[in-house]
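Worksheet: one structure, shown below.
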Amino acid sequence: MKIKNICCIGAGYVGGPTMAVIAQKCPHIKVTVVDINEARIAAWNDKDLSKLPVFEPGLDDIVKGARDRNLFFSTDVDKAIDEAEMIFISVNTPTKTYGKGKGMAADLKYIELCARQIARVSKTDKIVVEKSTLPVRTASAIKSILDNTGNHVQFQILSNPEFLAEGTAVPDLLNPDRVLIGGDTTPEGTKAVNALVEVYENWVPKAQILTTNVWSSELSKLTANAFLAQRVSSINAMSELCEKTGADVDEVAKAIGMDSRIGSKFLKASVGFGGSCFQKDILNLVYIAKSYGLNKVADYWEQVIIMNDHQKQRFSDNIVNTLYNTVSGKKITFLGWAFKKDTNDTRESAAIKVADNLLSEQANISVFDPKVVGERVYADLDYLKTRTTEENRRLLNVCKDPYQACNESHAIAVLTEWDEFVDYDWENIYKSMKKPAFVFDGRGILNQKTLEKIGFVYYKIGSGI
Ligand code: NAD
Ligand code: UGA
């Protein structure tokens with residue numbers, strides 16, 4: 001079966017870039033990305049490519065080449081479902097904020113709404129692809145909804161989790177380590193799997209397209225994120241020990257990373273991992289394990305989150321302790337608000353928690369981030385409901401210029417590893433600051449020797465007694 005028409009429900013950080021790359025690599029397939037969020041769709045259609053709702057290096061060029069040729073963004077969800085042979089579900093699956101599993105389980109209401117809409121609209125057979133990250137066995141719930149429509153339409157459900165990382169979405173999609181496709185082993189299931197394999201074969205070598213049963217595919221996604229987050233928490237745990245012993249965490253990371261069994265990637269100590277997925281997916285894994293009575297398994301993975309929360313807390317505690325046990329009325333500059341460099345995404349960014357802690361100590365914070373807009377920063381803080389929106393605006397100020405953000409500041413905290421921070425004119429920044437001038441490098445990106453020579457008191461996560 002040759003796919004000619006694809007619909008993707010959800011035009012977010014995954015749906016947008018993923019479908020743009022499919023459209024670029026498969027000019028013979030019409031790809032329509034739909035969303036109920038009208039502003040988001042309008043932004044995807046904006047002639048000014050700097051207004052795309054997702055900032056990813058290289059994405060604007062891909063969208064420019066394919067948009068209105070075979071890539072379309074629309075709010076007409078029914079029409080796109082009706083026309084498509086293959087429908088990707090790429091909607092959000094956040095942690096539940098209510099009811100059973102509150103704070104742990106994935107909220108599947110958006111997934112269920114999509115399944116019901118597909119069931120209602122479809123008049124021809126469809127392949128439904130889970131692109132969102134889902135608890136293992138979700139496909140059976142989707143199937144149950146789709147198979148009970150009474151309209152004789154046949155549905156095949158595939159799991160095709162996405163492994164892209166934000167900031168590198170385009171290269172990750174163009175050259176994936178692997179593409180994972182889970183499907184039924186029945187003849188119809190195999191046919192559906194092959195149809196999706198053929199789509200990817202337009203640019204991904206066949207050896208890197210892995211097919212499994214649906215449950216392995218669903219669980220592999222949660223497992224991959226759990227392992228990745230665990231590496232960050234493991235090196236962060238070591239960073240605290242380094243600070244007590246005089247070891248340097250970057251040297252330790254290099255030394256262990258040269259062991260080919262360990263590998264060198266994903267060993268950068270930080271102020272804590274953020275992003276929309278690591279925490280939510282591990283909490284979901286913990287919830288699933290508990291629901292099967294596997295409490296030891298649940299406790300094991302929960303430690304990854306506990307360590308991450310600790311890392312954020314101790315970073316802000318260290319700032320307060322170092323600044324003579326009070327930051328009340330002092331200006332502290334945040335360089336970076338995004339959860340990592342090269343993205344405008346701030347979901348679960350460590351900066352939010354660190355800022356919240358320092359604001360509770362009555363600090364005045366100035367934030368500069370090259371890609372995050374002021375409203376986003378305030379929305380992140382307001383969401384916590386720790387203080388009123390007026391207070392957040394009174395105590396925290398978002399600057400468009402990094403030098404202005406640092407002017408008259410008592411301390412600078414580096415929260416995101418943006419490359420440009422390294423190249424700033426640190427001599428001038430030093431001159432403009434209150435003395436002693438402190439730098440708390442939560443990403444270990446600045447040159448300690450240079451900064452100390454200028455006169456800064458420099459603290460790097462994972463080094464110094
Ligand atoms: P997102 O919030 O950026 O986008 C989801 C979009 O779905 C939103 O624009 C929302 O309006 C839309 N939506 C929700 N319900 C809808 C409905 N019924 N009809 C039409 N549109 C609807 O989320 P995201 O970051 O793209 O993540 C999507 C999924 O992919 C999640 O399950 C996530 O865990 C997974 N994932 C994310 C990443 C990442 O880097 N962000 C990577 C891999 C996997
Ligand atoms: C992560 C995974 O890397 C992707 O494979 C996955 O598809 C995605 O989650 C998802 O499911 O959403 P992402 O969160 O976009 O991607 O970015 P990462 O590069 O994994 O970084 C996550 C967080 O860990 C960031 O805050 C980053 O700064 C931090 N990190 C990462 C470290 O502190 N140290 C490291 O060595 C690596």
Side-chain angles (χ1 to χ4, degrees), residues 7-19 33-41 43-44 53-54 56 73-78 80-81 88-95 106-118 130-135 138 160-169 172-173 176-177 221-222 224-229 231-236 239 249-250 253 257 264-282 284 308 311-312 336 338-343 345-351 415-417 442-444 461:
C7 156
C8 173
I9 310 179
Y13 283 87
V14 169
T18 312
M19 292 301 130
V33 191
V34 290
D35 205 295
I36 41 176
N37 183 333
E38 288 180 11
R40 220 168 200 188
I41 290 298
W44 280 113
V54 171
E56 280 292 339
F73 295 93
S74 162
T75 50
D76 195 342
V77 184
D78 280 3
I81 292 175
F88 287 78
I89 303 181
S90 189
V91 299
N92 37 330
T93 49
T95 304
D107 190 344
L108 299 180
K109 74 175 168 209
Y110 306 106
I111 296 284
E112 179 166 343
L113 282 172
C114 288
R116 289 190 185 277
Q117 192 162 3
I118 295 168
E130 298 174 346
K131 193 52 144 169
S132 298
T133 302
L134 296 170
T138 304
N160 173 221
E162 185 47 60
F163 295 102
L164 71 80
E166 288 179 27
T168 53
D172 291 348
L173 288 165
D177 285 351
K221 174 63 197 176
L222 292 183
N225 274 359
F227 269 60
L228 289 167
R231 271 176 85 89
V232 179
S233 274
S234 296
I235 201 69
N236 282 344
S239 75
V249 76
D250 287 336
S264 61
K265 291 183 184 163
F266 242 74
L267 284 178
K268 183 72 185 159
S270 67
V271 54
F273 63 72
S276 63
C277 293
F278 279 177
Q279 173 160 315
K280 120 178 132 58
D281 291 349
I282 293 179
N284 188 213
N308 197 49
Q311 190 76 349
K312 293 182 264 188
F339 81 98
K340 63 184 284 195
K341 72 172 181 180
D342 293 339
T343 179
D345 195 349
T346 67
R347 290 177 289 180
E348 302 294 339
S349 177
L415 275 305
T416 313
E417 73 281 23
R443 295 293 186 162
I461 203 107

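Because the structure is predicted, anything quoted here is derived from the model rather than measured. All ligand and atom numbering here is 1-based and tracks the order in the structure.
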### Message
Test of understanding: given a 4.0 Å heavy-atom threshold, classify the contact between Glu348 and ligand 2 as side chain, backbone, both, or neither.
### Response
neither
### Task
Of all the heavy-atom pairs spanning Glu56 and Ala169, show the shortest one and how long it is.
OE1-N, 3.1 Å
### Query
Is the Phe273 ring parallel, tilted or perpendicular to the Phe278 ring (thresholds 30°, 60°)?
perpendicular
### Query
N/O to N/O below 3.5 Å, does that happen between Ala269 and ligand 2?
no
### Message
Among all protein heavy atoms in this structure, tell me which lies nearest to atom 40 (O) of ligand 1, with the distance rounded to 0.1 Å.
### Response
Glu166 OE2, 3.2 Å
### Message
Please find the pair of heavy atoms, one from Glu348 and one from Gln279, that lie closest to each other, and give the distance.
### Response
OE1-NE2, 4.0 Å
### Query
Taking side chain as C-beta onward, heavy atoms only, is Thr343 less than 4.5 Å from Tyr13?
yes
### Query
For atom 1 (P) of ligand 1, what is the nearest protein heavy atom, given as residue, atom name and distance?
Arg40 NH1, 3.6 Å
### Message
Using side-chain contact (heavy atoms from CB on, under 4.5 Å), reason through Lys268 and Asp250 one step at a time and then give a plain yes or no.
### Response
CA-CA 7 Å; Lys268 183 72 185 159; Asp250 287 336; 3.1 Å; yes
### Task
Going by heavy-atom distance to atom 29 (C) of ligand 1, choose the closest among Val91, Asn92, Thr93.
Val91
### Summary
among protein heavy atoms, the one nearest atom 22 (C) of ligand 2 is Phe278 CE1, 3.5 Å
### Summary
the protein heavy atom lying closest to atom 36 (N) of ligand 1 turns out to be Val14 CG2, 3.5 Å
#### Entry: Interatomic distance, Glu162 atom CD to Thr133 atom OG1 [nearest 0.5 angstrom]
9.0 Å
### ligand 2 versus Asn225: contacting region, heavy-atom distance under 4.0 Å
side chain
## Note on the structure
atom 35 (C) of ligand 2 has as its nearest protein heavy atom Lys268 O, 3.6 Å
### Shortest protein contact, atom 14 (O) of ligand 2 (heavy atom only)
Phe339 CE1, 3.5 Å
### Query
Looking only at heavy atoms, which two atoms of Lys340 and Ala165 are closest? And how far apart?
NZ-CB, 3.8 Å
### Summary
The protein heavy atom nearest to atom 5 (O) of ligand 2 is Phe163 O, 2.7 Å
### Query
Numbering the atoms of ligand 1 from 1, which are under 4.0 Å from a heavy atom of Tyr13?
3 (O), 24 (P), 25 (O), 26 (O), 41 (N)
#### Entry: From CD1 (Ile118) to CD1 (Ile81), nearest 0.5 Å
5.0 Å
### Query
Just going by heavy-atom distances, which of Tyr13, Phe266, Phe273 is nearest to atom 31 (C) of ligand 2?
Phe266
### Task
State, to 0.1 Å, how close Asp76 and Val34 come at their nearest heavy-atom pair, and which atoms those are.
O-CG1, 3.8 Å
### Short N or O distance, Tyr110 and ligand 1, threshold 3.5 Å exclusive
no
### Query
Would you say Leu228 and ligand 2 have an N/O pair spaced under 3.5 Å apart?
no
## Note on the structure
Among non-hydrogen protein atoms, atom 7 (O) of ligand 1 lies closest to Gly10 CA, 3.4 Å
### Query
Using heavy atoms and a threshold below 4.0 Å, how should the contact between Lys280 and ligand 1 be classified: side chain, backbone, both, or neither?
side chain
### Query
Do you know which two heavy atoms are closest between Val271 and Arg443, and how far apart they sit?
CG1-NE, 4.2 Å
### Message
Any nitrogen or oxygen of Ser270 lying under 3.5 Å from a nitrogen or oxygen in ligand 2? Just yes or no.
### Response
yes
## Note on the structure
Rounding to 0.5 Å, atoms CG (Leu113) and CD1 (Ile9) come to a distance of 10.0 Å
### Task
Give the contacting part of Arg347 toward ligand 1: side chain, backbone, both or neither, where contact means a heavy-atom distance below 4.0 Å.
side chain
### Cationic N near anionic O, under 4.0 Å, Glu130 to Lys221
no
## Note on the structure
Numbered in order shown, the ligand 1 atoms found under 4.0 Å of a heavy atom of Lys221 are 43 (C)
### Query
Hey, is Arg231 touching ligand 2 through its side chain, its backbone, both or neither, going by heavy atoms under 4.0 Å?
neither
### Message
Check whether Asn92 reaches the backbone of Pro94 with its side chain - one donor and one acceptor, N or O, closer than 3.5 Å.
### Response
no
### For atom 6 (C) of ligand 1, the protein heavy atom that lies nearest, with its residue and separation
Asp35 OD2, 3.5 Å
### Message
For Ile89 and Tyr110: C-alpha separation, side-chain torsions, deciding distance, then whether side-chain contact (heavy atoms from CB on, under 4.5 Å) applies.
### Response
CA-CA 10 Å; Ile89 303 181; Tyr110 306 106; over 6 Å; no
### Task
Taking the side chain as every heavy atom from C-beta outward, state whether Pro17 and Leu173 have any atom pair closer than 4.5 Å.
yes
### Task
Work out which heavy atom in Gly15 is nearest to a heavy atom in Cys8; give both atom names and the distance.
CA-SG, 3.9 Å
### Task
Output the list of atoms in ligand 1 that are nearer than 4.0 Å to some heavy atom of Ile9, sorted by atom number.
19 (N), 20 (C), 21 (N)
### Message
Out of all atoms in ligand 1, which are within 4.0 Å of some heavy atom of Leu164? Include the element for each.
### Response
40 (O), 42 (C)
### Message
Among all protein heavy atoms in this structure, tell me which lies nearest to atom 18 (N) of ligand 1, with the distance rounded to 0.1 Å.
### Response
Cys114 SG, 3.8 Å
### Query
Do Lys280 and Thr93 have side-chain N/O donor and acceptor atoms under 3.5 Å apart?
yes
### Query
Evaluating non-hydrogen atoms only, which member of Lys341, Gln279, Glu417, Lys340 is closest to atom 17 (O) of ligand 2?
Lys340
### Query
Where does Cys277 meet ligand 1, judged by heavy-atom distances below 4.0 Å: at the side chain, the backbone, both, or neither?
side chain
### Query
Can you find an N or O of Thr133 that's nearer than 3.5 Å to an N or O of ligand 2?
no
### Message
Taking a cutoff of less than 4.0 Å between a non-hydrogen atom of the residue and any ligand atom, is Gly275 in contact with ligand 2?
### Response
no
### Task
Compute the shortest N/O to N/O distance between Arg443 and ligand 2 and return yes if it is under 3.5 Å, no if not.
yes
#### Entry: Nearest neighbour in protein (non-hydrogen) for atom 17 (C) of ligand 1
Ile36 CD1, 3.9 Å
#### Entry: Shortest protein contact, atom 35 (C) of ligand 1 (heavy atom only)
Thr133 OG1, 3.4 Å
### Query
Which residue holds the protein heavy atom closest to atom 30 (N) of ligand 2, what is that atom called, and what is the gap in Å?
Val232 CG2, 3.9 Å
### Query
Which atoms of ligand 2 have any heavy atom of Cys277 under 4.0 Å away?
10 (C), 11 (O), 12 (O)
### Query
If we only count N/O pairs under 3.5 Å, is Leu267 in contact with ligand 2?
yes
### Query
Ser90 heavy atoms, cut-off 4.0 Å: which ligand 1 atoms fall inside?
5 (C), 28 (C)
### Message
Under a plain distance cut-off of 3.5 Å, with no hydrogens placed, do Ser239 and Gln311 share a side-chain donor-acceptor pair?
### Response
yes
### Heavy-atom check, side chain of Asn160 versus side chain of Lys131, under 4.5 Å
yes
### Message
One residue to check: Leu164. Relative to ligand 2, which of side chain, backbone, both or neither has a non-hydrogen atom less than 4.0 Å away?
### Response
backbone
### Query
Atom CG of Asp345 and atom CZ of Phe339: how far apart are they, to the nearest 0.5 Å?
5.0 Å
### Which of the ligand 2 atoms, numbered from 1, are nearer than 4.0 Å to a heavy atom of Lys221
6 (C), 7 (O), 10 (C), 11 (O)
## Note on the structure
Among non-hydrogen protein atoms, atom 15 (O) of ligand 2 lies closest to Glu166 N, 2.7 Å
